[in-house]
Amino acid sequence: MEYNFKDIEAKWQAYWLANKSYAAADQSDQPKYYGLSMFPYPSGAGLHVGHPLGYIASDIYARYKKLNGFNVLHPMGYDSFGLPAEQYAIQTGQHPAITTEKNLKRYREQLDKIGFSFDWDREVRTSDPAYYKWTQWIFKQLYKAWYNDETHKAESIASLVEKFGTEGNAGIHACTDQTEIFSAEDWKGYSEKEQEAILMNYRLTFLADSWVNWCPALGTVLANDEIKDGVSERGGHPVEQKLMRQWSMRITAYAERLLNDLETVDWTDSIKEQQRNWIGKSVGAAVTFKTEEGHDIEVFTTRPDTIFGVSFMVLAPEHELVSEITTDKYKAAVEKYQQQTSLKTERDRQADVKTISGAFTGAYAVHPFTGDKVEIWIADYVLAGYGTGAVMAVPCGDQRDYDFANHFGIEIKNIFKDVDISEAAYTEKDAVITDSDFLNDLPAKKAIKLAIFEIEKEGFGKGQTNYRLRDAVFSRQRYWGEPFPVYYKNDIPYLIEDDRLPVTLPEVDKYLPTEDGEPPLARAKKEDWNVSEGDHMEYNTMPGWAGSSWYFLRYMDPHNEAAFVSREKADYWNQVDLYIGGSEHATGHLLYARFWTKFLYDMGFIGFNEPFKKMINQGMILGRSSFVYRDKASGKFVTFNKRKEYQTARLHADIHLVDNDQLDLEGFKNWLPEYANATFILEDDGSYQCGHEVEKMSKSKYNVQTPDALVEKYGADTLRCYEMFLGPLEQAKPWDTKGISGVHNFLRKFWRLFHDKDNNLNVTDAEPDKKALKTLHKTIKKIQEDLDRYSFNTPVSNFMIATNELTDLNCNNRAVLRELLILISSYAPHICEELWEKIGEKESITKATFPTFNPDYLVEAEFAYPVSFNGKMRFKLPLPTNMSKEDVEAAVLSDEQSAKYLDGKAPKKVIVVPGRIVNIVV
RNA sequence: GCUCGAGUGGUGGAAUUGGUAGACACGCAAGACUUAAAAUCUUGUGUCCAUUAGGACGUGCGGGUUCAAGUCCCGCCUCGAGUACCA
């Protein structure tokens, strides 16, 4: 075999490992570069072809930066706590640590075969006690901190306790759930338990009874971002609301900074927008309306300028005041409506937005400015969970209020000057207000300010900013996660001392909740814990996102036993320069990682407050699933073209049993036990044809393509180049191996460039000719430009072009080929390293320097001008490149080919762009 | 509904500031080598008309700006992703 990729790849992978070729230096005169791919959760299915896509891109970039003289950090690790290993443990009794270890090993083998330049000495695993010791430590810091809204940063809780002792809490502007005001005297008089309860309302991680998303099937609570379409993201199980005592993270304290600092990072607009929506800032006012009976109803509005347009009010059906204010006459109707609403699931309620429904309570509120009577309704378009669960309805300015008013025949008052609201509400903020007392003739934006001023002056309410972002639930009733460094004494939580960390996971007999519904850790006896204090330890564990919120910091200083990262190393490596990963983490991981980074910055542990400077989201690689069709009546499997003659259910078939849509019948029977006795209704030619569809790759769809088979058949270098060649990194694309032979052929042709017919090295020291140098320098320029704008697919084409051109030129000059090897080495490191050695280089190509582009080689004496007539290219005319505009024009017009298109007429206009084009207007 | 992104040959895609549309590859077709196949190599390959020469049309659709538009502007259509009674 001429190009023996198997031997070559094994040889150099061993060499790189033995020589620590990719070790990042902690100190260097070179500028630093931190390139990072999101670390994977090691699932049982192994790596599929979608995983390496991002890794290959960050690897190419890391290598490219290294060749350009940067000190590069390019690490890899594993997000190794998580649900699947635990679900597997519940089913089989196997300890999740064993499952995880097994999966990890397989991941590593797969990764190693692809030839990544990871610095494995810096590997981190979130489930490693040496790692989660620091996750627990960061949790402790959050517990010992509060958020000062005056300084806009987190501060130590000790400073807060001091203030309480001297001035009470009235003058403190904090992000807190504490509403009660107390004096310094009060504070001193409180018991420890009372003081602790108050401090809980300030801490950045806190214990509170809160409504949580409870997933009975998984036996745990879930964060909002772990729920998609009303069901759990993992497993697709239903979720219900439940009041539970849980640890939470006060991420809302950082809402404003998380929003503003998006402007300082180079991410896609789409991800930034998703974060903005998730944070959901709305500026407006809280206004209190009094009912005729004297109850207070607080509403939140972003349009206080429209307050004179209020013609009714709406409460959420669950609003606590509903039963109190409803008059006897309307009681039955209101209760019926409440009942109807409660029967609807959250999902149904959101799905059906067209049906207008509601009920009048019989009660009236008094308009704070006009004193008018305003009807109070309940309706399910007002949500209990947002704002105050009550709105002041302004039909002329809000479409939902407009529709509601029309439906129930409520008055629609127009307070916008010269605006027609006969068809729909006017929701733009650019109208002039009228019929509104002191707001008359003001444009909306000014009116908003004045309205808030008046509302505050009269004591009806105040200006307020609301966020959709909620505090994040941080406890999970699961086994396979970080234990909390927390114990309880008399139901008061206390922290475990630093020198006793980590609190490691105790052994348990089963990975299920206890009979009385406590989390699995409650099964552990006192002596099963390595650290046990007080009445009992915390039984909850941390969520999956705990470990992944700071792992990028640990890579900087992975073996530090005295700190999660030393300040010195954090200062050196600083932000991640390039972060590559999927966009599915837009509102989860990326928000939490930003939050923790900002917190650690506030506390002075690190010197930057955004973790990821530049981010690229690789598109998903989709799989091509195959389907079989089972007749519901007979249970027989019906072939694709006959499926319509039967009542069939569509089932996934393993794509490895399908070749060109034809099913391997014996293989299918042997695949799953329930198919052992399968019978078939075949095509007329006796084959079974499968259906197919492009969808997400997943184990349950049996459409997972692993990279292993391709590495085996074509080699890692081919796989690397091919995954990049597929198309733009950010774009989603179906996986298709059709084109891979073309890329493999390129590498073989590249190999032949260095060898004669008998596969002997054939490289000369002779001076290369001009054409070869031109090809080389054209390629240097292209690769540099492409990579600098993160275009990973186009360099492969340019490598092919260069190889094709040099082959046509019979170029075997060492001077040219040597530089070409460096160019290609970031994409195909193994073959380049091998040829590099063969042409007599002594040191690894990973230590080489990226060639310098010299424009002189691209200078040509002649350029073939495309000559257009009326914008249509007609012919090409070679002319000297240094010819003046006037001479070019004269030369083109006097050329005999022009005569035909001019047809005897004089040109109206001639445009000459030197070195580009000539256009003649006739 | 809103936000973001994308629509280019049979296919994946290229064209960085408006300046030769379809690079590179796959596939397909013809040929060479071979007993044959595979592999390899050569040539061709946007569509339509034309024997050729050549011509017309072509980047989702309709307009516009310009000497020149895949690229810029206006109005639509389709697909993908995210998100939603957020007051």
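Each chain gets a letter, A, B and so on, in the order the sequences are listed, and its residues count up from 1. What you are looking at is a predicted structure, and each value in this text was computed from that prediction instead of being measured.
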Between the protein and nucleotides 28-30 of chain B, which nitrogen or oxygen pairs come in under 3.5 angstrom?
none

Which whole number of Å gives the distance between the [atom1] atom of [N] and that of [M]?
{"N": "U3(B)", "M": "G63(B)", "atom1": "C1'", "value": "27 Å"}
{"N": "G80(B)", "M": "C28(B)", "atom1": "C1'", "value": "30 Å"}
{"N": "A84(B)", "M": "A68(B)", "atom1": "C1'", "value": "45 Å"}
{"N": "U45(B)", "M": "G22(B)", "atom1": "P", "value": "12 Å"}
{"N": "U71(B)", "M": "G19(B)", "atom1": "C1'", "value": "11 Å"}
{"N": "G18(B)", "M": "A25(B)", "atom1": "C1'", "value": "28 Å"}
{"N": "U34(B)", "M": "C26(B)", "atom1": "C1'", "value": "26 Å"}
{"N": "C33(B)", "M": "C49(B)", "atom1": "P", "value": "35 Å"}

Any sub-3.5 Å donor-acceptor pair from K413(A)'s side-chain atoms to E411(A)'s backbone N or O?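 Between the backbone of E411(A) and the side chain of K413(A) there is no qualifying donor-acceptor contact (under 3.5 Å).
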Roughly, in whole Å, what's the span from [atom1] in [X] to [atom2] in [N]?
{"X": "F404(A)", "N": "A87(B)", "atom1": "CZ", "atom2": "C1'", "value": "14 Å"}
{"X": "I783(A)", "N": "A23(B)", "atom1": "CD1", "atom2": "P", "value": "18 Å"}
{"X": "D305(A)", "N": "A87(B)", "atom1": "CG", "atom2": "C1'", "value": "13 Å"}
{"X": "N277(A)", "N": "C85(B)", "atom1": "CG", "atom2": "P", "value": "12 Å"}
{"X": "L259(A)", "N": "U3(B)", "atom1": "CG", "atom2": "C1'", "value": "15 Å"}
{"X": "F792(A)", "N": "A25(B)", "atom1": "CZ", "atom2": "C1'", "value": "20 Å"}
{"X": "I616(A)", "N": "G5(B)", "atom1": "CD1", "atom2": "C1'", "value": "16 Å"}
{"X": "R400(A)", "N": "C86(B)", "atom1": "CZ", "atom2": "C1'", "value": "7 Å"}

Checking base pairs now: Watson-Crick or wobble, both atom distances under 3.5 Å. What partners [N]?
{"N": "G1(B)", "value": "U83(B)"}
{"N": "G22(B)", "value": "none"}
{"N": "C33(B)", "value": "none"}
{"N": "U17(B)", "value": "none"}
{"N": "G7(B)", "value": "C77(B)"}
{"N": "U71(B)", "value": "none"}
{"N": "U47(B)", "value": "A56(B)"}
{"N": "A39(B)", "value": "none"}

In terms of the angle between their ring planes, are [X] and [Y] parallel, tilted or perpendicular, with boundaries placed at 30° and 60°?
{"X": "W377(A)", "Y": "F360(A)", "answer": "tilted"}
{"X": "F408(A)", "Y": "F404(A)", "answer": "tilted"}
{"X": "H755(A)", "Y": "W751(A)", "answer": "parallel"}
{"X": "F792(A)", "Y": "Y61(A)", "answer": "perpendicular"}
{"X": "F369(A)", "Y": "H367(A)", "answer": "tilted"}

What does [X] touch in the nucleic acid at a heavy-atom separation under 4.0 angstrom: a base, only the sugar-phosphate, or nothing?
{"X": "D401(A)", "value": "nothing"}
{"X": "F725(A)", "value": "base"}
{"X": "S270(A)", "value": "sugar-phosphate"}

Beyond-backbone contact of [X] with [Y], side-chain heavy atoms, under 4.5 angstrom:
{"X": "R594(A)", "Y": "Q275(A)", "answer": "yes"}
{"X": "Y714(A)", "Y": "I740(A)", "answer": "yes"}
{"X": "F869(A)", "Y": "F875(A)", "answer": "yes"}

Note: for V921(A) and K281(A) on RNA chain B, the residue whose nearest nucleotide lies more 5' is V921(A)
Please figure out whether V391(A) or Q274(A) has its closest RNA chain B nucleotide nearer the 5' end.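 Looking at the nearest nucleotide for each, Q274(A) comes out on the 5' side.
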Report yes if a side-chain nitrogen or oxygen of [X] is closer than 4.0 Å to either non-bridging phosphate oxygen (OP1 or OP2) of [N]; otherwise report no.
{"X": "R276(A)", "N": "U83(B)", "result": "no"}
{"X": "S282(A)", "N": "A87(B)", "result": "yes"}
{"X": "N745(A)", "N": "U40(B)", "result": "yes"}
{"X": "R752(A)", "N": "U40(B)", "result": "no"}

Report, as a single string ordered 5' to 3', how protein heavy atoms within less than 4.0 Å touch nucleotides 14-21 of chain B: B base, S sugar-phosphate only, - not at all. SSBB-BB-
Close N or O pairs between protein and nucleotides 54-60 of chain B (under 3.5 Å):
unit_1 : atom_1 : unit_2  : atom_2 : d
G55(B) : OP1    : Y901(A) : OH     : 3.2
A56(B) : OP2    : R874(A) : NH1    : 3.3

Indicate whether the side chain of Q399(A) and that of D403(A) have a donor and an acceptor atom separated by less than 3.5 Å. yes
Determine whether the side chains of D717(A) and Y722(A) contain a donor N or O and an acceptor N or O closer than 3.5 Å. no
If you measure from the Lys or Arg side-chain nitrogens to the Asp or Glu carboxylate oxygens, is any gap between [X] and [Y] under 4.0 Å?
{"X": "E712(A)", "Y": "K6(A)", "answer": "yes"}
{"X": "K771(A)", "Y": "E805(A)", "answer": "no"}
{"X": "E785(A)", "Y": "K781(A)", "answer": "yes"}

Pair F799(A)-I824(A), side-chain contact (heavy atoms from CB on, under 4.5 Å): steps then yes or no: CA-CA 7 Å; F799(A) 296 149; I824(A) 300 183; 3.5 Å; yes
What form does the base of G9(B) take, syn (within 90° of 0) or anti?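 What G9(B) shows is a syn base, its glycosidic angle lying within 90° of 0.
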Determine whether a donor-acceptor pair (one donor, one acceptor, N or O, separation below 3.5 Å) exists between the side chain of N870(A) and the base of C67(B).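 Per atom types, no contact qualifies.
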